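The block underneath contains the structure these notes are about, expressed in structure tokens.
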Amino acid sequence: RQLCQTALCHYRRERLNLSFFNSLDIAASGLTAQKMRIDVLAQNLVNADSTRTEDGTTYRRKMVVFQERAGDDFGTILRKARYNDNTASSPGGVHVVEIVEDQRALKPVYDPTHPDADADGYVMLPNVDKIKEMSDMLSATRAYSANITALNAMKLMAGKALEIGK
């Protein structure tokens, strides 16, 4: 009987460790994805007035595409808990799938003195809207902060759990 109780305790502790680390993985994936989004938004803002890139074309706004990392759904987690299924559960989260160029039209501006002006005197400026980029930056920063808050909450819970044993 004592051996069974010890094994059960070990099993529960292992499940707790796995779920704790899974939650850390989920928050960390959000941090990584939002950091990439912030970097791309900053690149858009820096190039908002660039009329020529390295390959000679006008800069186009870039966007980050996220995708959910497939994790166990709630029903699967519930079944595993109910039937004491000790198979490892996969953490969810998010990851960056790709960075795509916005294909919306470039902005024509009349400036016949500009070196990149066409025969009619128009310069094609990037399709970057600085106000939209700044609002997206604010949104990405808040999402990043939310993931930091989640990590801090998990760290606090782990610390409190360690204090229980004292």
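Just so it is clear, the structure is predicted and the values come from calculations on it, not from any experiment.
In this structure, V94 is not a member of the same hydrophobic cluster as I26, with clusters built from ILVMFWY side-chain heavy atoms closer than 4.5 Å. Taken together through direct or relayed side-chain contacts under 4.5 Å among Ile, Leu, Val, Met, Phe, Trp and Tyr, V96 and V100 form parts of separate hydrophobic clusters. Both I38 and M134 are members of a single hydrophobic cluster when ILVMFWY side chains are connected at heavy-atom separations under 4.5 Å.
F66 places none of its side-chain heavy atoms less than 4.5 Å from the side chain of V97. Residues K62 and N47 form no side-chain contact, since every pair of their non-hydrogen atoms from C-beta on lies 4.5 Å or further apart. Using a 4.5 Å heavy-atom threshold, the side chains of Y144 and R37 count as separate. M63 places none of its side-chain heavy atoms less than 4.5 Å from the side chain of V40.
Taken to the nearest 0.5 Å, the CG atom of D102 stands 10.5 Å off from the OH atom of Y59. How far CG of L151 is from CG of L156: 12.5 Å, rounded to the nearest 0.5 Å. Annotation: the span from S139 atom OG to L41 atom CG amounts to 9.0 Å, rounded to 0.5 Å. The distance from atom CG of N44 to atom CZ of R60, rounded to the nearest 0.5 Å, is 12.5 Å. Atoms NE2 and CE, on H114 and M124 in that order, are 12.5 Å from each other to the nearest 0.5 Å. Here S145 contributes atom OG and L31 contributes atom CG; the two are 9.5 Å apart, rounded to the nearest 0.5 Å.
For CZ of R142, the number of neighbouring non-hydrogen atoms (other residues, nucleotides, ligands) closer than 6.0 Å is 12 at most. Within 6.0 Å of NZ in K107 there are more than 12 heavy atoms belonging to other residues, nucleotides or ligands. Heavy atoms of other residues, nucleotides or ligands lying less than 6.0 angstrom from CE of M36 number 12 at most.
For the residue pair S29 and G93, the shortest heavy atom distance occurs at OG-CA, 3.3 Å. Of all non-hydrogen atoms in M137 and A42, the two that sit nearest each other are CE-N, 3.6 Å. Listed here is the closest heavy atom pair of L106 and P108: O-CD, 3.3 Å. L125 and V109 get closest at one heavy-atom pair: CD1-CG2, 3.3 Å.
Within the structure, ring-ring contact (aromatic ring centres under 6.0 Å, His included) pairs that include any residue of residues 116-141 comprise Y110-Y122 (at least two apart or interchain).
A salt bridge links K130 and D49; the closest N-O separation between the charged side-chain nitrogens and carboxylate oxygens is under 4.0 Å. A salt bridge links D136 with R61: at least one charged nitrogen is closer than 4.0 Å to a carboxylate oxygen.
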